[in-house]
Amino acid sequence: MFGLVDCNNFYASCERVFRPELEGRPVVVLSNNDGCVIARSQEAKVLGVRMGEPYFKVRELMERHGVVVCSSNYELYGDMSRRVMWCLSQVAPAVEVYSIDEAFLDLAGMAQHCALERKRYRDLTDWAGEVRGTVQQRTGIPVCVGVAPTKTLAKLANRLAKIAKLANSGPGVLVLSDEAQRREALAQVAVGDVWGVGSRSAAKLAAVGIRTAGELAGVGDAWARKNLGGVVGARLLHELRGFPCAGVAVEDEARKSLACTRSFGQPLTELADMAGAVASHAARAGEKLRRQGLEARLLTVFVETSKYAGLPPPYSFSAQLTLPVATDDTLTLVRAAQCGLERLWRPGRRYVKAGVVLDGLERAGADQQALLFAEVARSPERSKLMRAMDALNERYGTGTVKVGAAVARPGQREAWAMRRDVRSPAFTTKWGELWGLRC
DNA sequence: TCTGGGGTCCTAGGACCC
DNA sequence: TCTGGGGTCCTAGGACCC
C-alpha cells in the first residue's frame, strides 16, 4: 500500500503559520516577477481566483475583496517543507519526497516499523489520522492523507479526502483498501482530475464519452496506448485498476537534469545584458551542482521571446554544448553558456526569458576521463576557489561574490533582475528576519 | 504595459558515423 | 533497376506534474 500526504494550499498555509492574522482571510501567493497566482487559500479559491492566472488580470478583483497578496518566499516554503518531511520520516518506514508539498509513503514495511516504534493502530485510517495530526501539531501545516494500493489511486484518495474535509464530512484521510472502495472512489472523480491526465488527454477522452476515472479504467489498452501517450497511458490504466507500476523512490535517486531559468523584469534587447543574465544562471547552476555533489556533461542555453506577443513561432531558441569532461566548475560553465548564447543570439528581438539547463549529471569525481585532463578539469586551485565562493555566499548571503560576467556594467542596475514587491520575511532562515514577539 | 520555475518522459527528424 | 542496420548527437516539441 502507498500513502500520499499532500499539504493543503501549501504556500498560503506557510504564510499563515507566522502571520496568524491571515487566518480566515483570502491569501494568494505570486510567482517570480509577481507574474501569476501560484497558490491560493481556500477563501481565495472561493472568490474565483484561478491557479496560474496573471496577476494583472485579477488585481482589481483581489483589491475589491481585500485579498492578502504575497510574493513567493521560497526560503520560507523550503524550510517548512523540510520540517513536514522530517515529521513524515518519523511515522512511516519509507518516504519519497515527491514535491515541495507532497510525499509518497511506502507502507510495505509498516508491521516492522510499528513494532520498532512500539506503536499500535486499529487500522490504516487510524494511522493516517495520526500522521495528519502530528504534522499539523509540529509544523502548523494542514495536510490530507490518501492510502491505496497504487500511487495513482493514493493521489485519487487524497483528492477525495480533501473534498470531504472541506465539506466537513470527512476526517481529511481516506483509505481505499478493497475493491468496492476502489470502484466507488473511481466513479466519483472526473477523468481530468486523475493524476497523469492533463487538459489535452481530458479533451480526447471527453470526445469519446469517457468522463469519470472509473470509465477510464475500463478503456482498452490498445486505445490508451494509441491516444494517451503510449506506455505512459498503459501504465496509468494499470495503476487505476489497482496494479502498481511504480514504487516509492526512497533514496534521492540521481537526478537527471537541473535548470536555472528566469523571466526578466522587462524585455532585453542587448547582447551584453543577455550575456549577464546567462552568466548568472550558469553560476547558480554551478552552485546547485556543487551543493548536490554532482557534475554535468551537457549544457543547454535557451532564450525566449514572448509567447503572448502574437508573433508567429518560434519564440524559443536553444543550443546544446557537450562539455569536454563532466564538471561543476562555475567558470567553465559560464564560458560554455556564453559560447552557446553567441550561437543563438539574433539581434532585434525582445527577449523575455533565458535559462541554463544541465544534463548528463553524475556524481562528482565519477568521470574517469577527467583524470587524464586533471590540470584543466579539476585543478586544486580552481576547486578551492569554488569552495571559497560558496562559503562566502553561504555566510554573507547569496550574491556576495559573483563571477564578473554576471555583474552589470558599472553604474547600471542588472537589467535582467526580477520584481518581487511584496515578499514576506524569511521567518525561519535569516537572523534579521526571525519572528519577533512583543511582551 | 503586466503571463513562473523546475522537473519527468516520450517522439521525431536531420546530420553524421561505422 | 536494385540502396542496410545500428548507433550518437542535436534541436525541437508535446504532454504531464507540482
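A note on names: the letters A, B, ... follow the listed sequences, proteins ahead of strands, and every chain is numbered from 1.
- As a whole-Å value, the separation of A:Arg350 CZ from B:dC2 P is 7 Å.
- The distance from atom NZ of A:Lys256 to atom P of C:dC17 is 18 Å, rounded to the nearest whole Å.
- Taking the charged nitrogens against the carboxylate oxygens, A:Lys402 and A:Glu414 do have a contact shorter than 4.0 Å, which makes a salt bridge.
- With respect to the salt-bridge test (charged N to carboxylate O, under 4.0 angstrom), the residues A:Asp221 and A:Arg225 do not qualify.
- Rounded to whole Å, atom P of C:dC18 lies 19 Å from atom OH of A:Tyr77.
- In this structure, C:dT11 forms a base pair with B:dA12, meeting either the Watson-Crick or the G-U wobble geometry with both donor-acceptor distances under 3.5 Å.
- Residues meeting the side-chain hydrogen bond (donor to acceptor under 3.5 Å, both in side chains) test with A:Thr330, sequence neighbours left out: A:Arg290.
- Atom pair A:Asn32:CG and B:dT3:P shows a separation of 12 Å (rounding to whole Å applied).
- For the ring-ring contact (aromatic ring centres under 6.0 Å, His included) test, residues two or more places apart in sequence or in another chain that qualify with A:Tyr98 are A:Phe104, A:Trp195.
- Nucleic acid contact for A:Glu102: sugar-phosphate only, since backbone atoms but no base atoms lie under 4.0 Å from a heavy atom of the residue.
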Nucleotide by nucleotide, nucleotides 6-16 of chain C touches protein heavy atoms under 4.0 Å in the pattern (B base, S sugar-phosphate only, - none) ----SBS--SS

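- Sequence order on DNA chain B of the closest nucleotides to A:Val352 and A:Asp359 puts A:Val352 first from the 5' end.
- Spacing between atom CD of A:Glu63 and atom P of B:dC2 amounts to 19 Å, rounded to whole angstrom units.
- Atom-to-atom, CD of A:Gln266 to P of B:dT3 comes out at 11 Å; the value is rounded to the nearest Å.
- Within the nucleic acid shown, A:Arg59 has no heavy atom closer than 4.0 Å to any nucleic acid atom.
- For B:dG4, the OP1/OP2 oxygens have a side-chain nitrogen or oxygen of A:Ser263 closer than 4.0 Å.
- Residue A:Tyr98 is in sugar-phosphate contact alone, with no base atom involved, counting any heavy-atom pair closer than 4.0 Å across all strands shown.
- When rounded to the nearest whole Å, the span between CE of A:Met51 and C1' of C:dC17 equals 11 Å.
- Take A:Tyr11 and apply the ring-ring contact (aromatic ring centres under 6.0 Å, His included) test, not counting sequence neighbours, and it matches A:Tyr74, A:Tyr77.
- OP1 and OP2 of C:dC17 both lie 4.0 Å or more from every side-chain N or O belonging to A:Lys155.
- Rounded to a whole Å, the CD atom of A:Glu60 is 17 Å from the P atom of B:dT1.
- Every residue meeting the side-chain contact (heavy atoms from CB on, under 4.5 Å) condition with A:Trp223, not counting sequence neighbours, appears here in chain and number order: A:Leu205, A:Val208, A:Val219, A:Asn227, A:Leu228.
- For the atom pair CG of A:Leu358 and NE2 of A:His281, the computed distance is 12.5 Å after rounding to the nearest 0.5 Å.
- Across all strands, A:Leu258 comes closer than 4.0 Å only to sugar-phosphate atoms, never to a base (heavy-atom distances).
- Residues passing the side-chain hydrogen bond (donor to acceptor under 3.5 Å, both in side chains) test with A:Asp193 are A:Arg159, sequence neighbours excluded.
- Checking A:Lys57 against A:Thr261, the closest nucleotide of DNA chain B that is more toward the 5' end is the one next to A:Lys57.
- Across all strands shown, A:Lys353 has heavy atoms under 4.0 Å from sugar-phosphate atoms exclusively, and none from any base.
- Residue ring and base: A:Phe56 does not count as stacked with B:dT1 (centre distance below 5.5 Å and interplanar angle below 30° not both satisfied).
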